[in-house]
2 protein chains.
Amino acid sequence: MSDATNTKDRLLDTAEQLFAQTGIEATSLRTITAEAGANLAAIHYHFGSKETLIQEVFARRVEPVNQERLRQLDELEAAAYPNAPSLKKIIEAFIYPVLLMNKVSDGDCRPFMRLLGRVYSESENIQKLLFSQFKETATRFLAAIQKALPHLPKIEASWRFKFMVGAMAMTVVSHAGFEEQLGSENEMQDMEAIIEKLMAFLIGGMQAPLYQKSEGSTKL
Amino acid sequence: MSDATNTKDRLLDTAEQLFAQTGIEATSLRTITAEAGANLAAIHYHFGSKETLIQEVFARRVEPVNQERLRQLDELEAAAYPNAPSLKKIIEAFIYPVLLMNKVSDGDCRPFMRLLGRVYSESENIQKLLFSQFKETATRFLAAIQKALPHLPKIEASWRFKFMVGAMAMTVVSHAGFEEQLGSENEMQDMEAIIEKLMAFLIGGMQAPLYQKSEGSTKL
DNA sequence: AAGTGTTTGAAACGAATGTTTGAATCGTAC
DNA sequence: GTACGATTCAAACATTCGTTTCAAACACTT
């Protein structure tokens, strides 16, 4: 199934794919090793435990993305200095590295993108690992956004950043496997076109004026 | 733990809570029945299988929310007739019934809101059940949004609706358990204040002009 | 060719899972 | 009070899980 030469990489590729298809807890080591053409004991030989395998599956993908995000943000801030980069470019630097992951050379990342959609559900350890990797990125980008929107209260910017992450996550999941459910009239569009729609939505949301509730809105 | 009088409701309440805490697949029937003060066999007596229990846990909460959404949308369209309701009110009718669920009388819904965050990960059957319940709501609201934004291409509106669902889901998850990870300076705010921030973001995103990519944007 | 450290192989272990069974208990109508 | 359906109970069932074990096969240096 996987074309990797050594057993360890084949196990990582296969585990990533099966985790995305079936779920992490629901995927047994026997299924992984069978699909990868390896022996059951190979996982414990190469990784020590299932838990470590899971962590390595995630770390392998998440690290490069966040590094690329921070690299682009550095570049933007250097180019704009002493001014702040524009909101548009900040958001681009945050969004593009994730959603264009499948363009990088090292294998097909789409299984992992589906897997990311599952991440909020499974074991606490995975969440902690992901958030620890994400924390620096989140801090840096939130600060940049707050500088780009100086009129917006900081607490408001903080929440809008969360909403942005949510919309982005939904895009990942959506493009990976949910085409058919929320109206399938959308043909398989290339990711570039989807990113442009997402960018418009995010910029509009980030720059939106504060909200005033409708006067006659119905309460539950 | 649960104050329900009969065993069946106690099992539903306890299962919901444990599913949200630990995950669906990871929660064993023995844990549920022990926590609920019931016998292990009670689940198979009342529900027939774990799968059916899961479905009933979801159906019990999802149905009323979507019904309330559609009721509010009906009300809006009737009041605005022959014109279309405003975008603002449509989004309010979509958002408020979910995020104000815990105000309804029948028990504490917060465990279920955390559970919703897990739903993209677990068994295919749950997804199908949820999407079948959600399909009518999604169709109706998407149509209303497209009428309220006649200048926006339909494909664009369809994607923005997905982004909206994503941002809303992130809010549910975020408020339920992720306060500490994405910057914990936000004190436990009441849901009403969060909804107002979300509404501003969503309306801004929905009404945003089409996007033009930055000329010098960095490619990966 | 022998020896050594690395990797793979088949088999078993103990624990946990969903499910089934059949008897005991409860509530209620006659 | 007795009979009967609904519910609960303790115990066992067959599977599956992650993990361990130890010998066989391999790669590579001397």
Side-chain angles (χ1 to χ4, degrees), chain A residues 1-60 115 118 121-126 128-129, chain B residues 1-59 115 118 121-129:
Chain A
M1 173 122 277
S2 180
D3 53 352
T5 165
N6 58 32
T7 304
K8 188 169 183 178
D9 287 343
R10 247 183 311 132
L11 287 174
L12 283 172
D13 290 342
T14 310
E16 178 179 82
Q17 196 162 337
L18 291 174
F19 286 165
Q21 279 175 22
T22 325
I24 298 175
E25 315 255 4
T27 302
S28 74
L29 300 187
R30 284 168 177 82
T31 309
I32 297 173
T33 50
E35 190 81 7
N39 188 270
L40 171 60
I43 286 183
H44 287 88
Y45 174 75
H46 287 288
F47 302 98
S49 70
K50 184 183 185 182
E51 187 64 31
T52 312
L53 167 67
I54 297 170
Q55 290 178 11
E56 294 209 23
V57 164
F58 277 94
R60 186 174 65 142
L115 180 52
R118 296 182 175 275
S121 73
E122 313 257 357
S123 94
E124 305 277 327
N125 296 334
I126 309 172
K128 290 191 176 144
L129 178 116
Chain B
M1 172 124 278
S2 180
D3 53 351
T5 165
N6 58 32
T7 304
K8 188 169 182 177
D9 287 343
R10 245 183 313 133
L11 287 174
L12 283 172
D13 291 342
T14 310
E16 179 179 82
Q17 195 162 338
L18 291 174
F19 287 164
Q21 280 175 23
T22 324
I24 299 176
E25 315 256 4
T27 302
S28 73
L29 300 187
R30 283 169 178 81
T31 309
I32 297 172
T33 49
E35 190 81 9
N39 188 272
L40 171 60
I43 286 183
H44 289 86
Y45 175 75
H46 287 288
F47 303 98
S49 70
K50 184 182 185 181
E51 187 64 33
T52 313
L53 167 68
I54 296 170
Q55 290 178 11
E56 293 209 23
V57 164
F58 277 94
L115 180 52
R118 295 179 176 278
S121 73
E122 313 258 357
S123 93
E124 305 278 327
N125 296 333
I126 309 171
Q127 287 182 21
K128 287 187 178 148
L129 178 118

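In what follows, every heavy atom counts, from backbone to side chain, and hydrogens, waters and symmetry copies are set aside. Throughout, a chain's letter reflects where its sequence line sits, starting with A, and its residues are numbered from 1.
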Rounded to whole Å, CG of B:Leu53 lies from P of C:dT19 at a distance of 10 Å
Using a cutoff of under 3.5 Å, can you pull out all pairs of nitrogen or oxygen atoms linking the protein to nucleotides 7-11 of chain C, with atom names and distances?
unit_1 : atom_1 : unit_2  : atom_2 : d
C:dT7  : OP2    : A:Tyr45 : OH     : 2.5
C:dT7  : O5'    : A:Tyr45 : OH     : 3.3
C:dT8  : OP1    : A:Thr7  : OG1    : 2.2
C:dT8  : OP2    : A:His46 : NE2    : 2.7
C:dG9  : OP2    : A:Asn39 : N      : 3.4
C:dA10 : N7     : A:Asn39 : ND2    : 3.4

Q | A:Thr33 side chain vs A:Arg30 backbone, donor-acceptor pair below 3.5 Å | A | yes
So CD1 of B:Ile32 and CG of B:Leu12: to nearest 0.5 Å the spacing works out to 10.0 Å
Q: Give a yes/no verdict on a cation-pi contact between A:Lys8 and A:Phe47, requiring under 6.0 Å between NZ or CZ and the six-membered ring centre and an angle within 45° of the axis.
A: yes
| task | State, yes or no, whether a side-chain contact exists between A:Glu16 and A:Arg60 at a heavy-atom distance under 4.5 Å. | result | yes
Rounded to whole Å, CD1 of B:Ile54 lies from C1' of C:dG18 at a distance of 11 Å
note: B:His44, atom NE2; C:dT17, atom P; distance rounded to Å ~ 13 Å
Rounded to whole Å, the CG-P distance (B:Leu29 to D:dA14) equals 19 Å
B:Thr31 side-chain N/O to B:Thr27 backbone N/O, donor-acceptor pair under 3.5 Å
no
A:Ile43 CD1 to D:dG18 P, in whole Å, measures 8 Å
Check: How is B:Thr27 classified with respect to the nucleic acid when contacts are heavy atoms under 4.0 Å: base, sugar-phosphate, or nothing?
Finding: sugar-phosphate
When rounded to whole Å, the CZ to P distance for the pair B:Arg30 and D:dT8 reads 18 Å
From CG of B:Asp9 across to P of D:dT7 the rounded distance in Å is 12 Å
Applying side-chain contact (heavy atoms from CB on, under 4.5 Å), run through B:Glu56 and B:Thr52 and close with a yes or a no. CA-CA 6 Å; B:Glu56 293 209 23; B:Thr52 313; 4.1 Å; yes
Taking 4.0 Å as the cut-off, does a side-chain nitrogen or oxygen of A:Ser28 come that near to OP1 or OP2 on D:dT16? no
B:Lys50 NZ to C:dT19 P, in whole Å, measures 8 Å
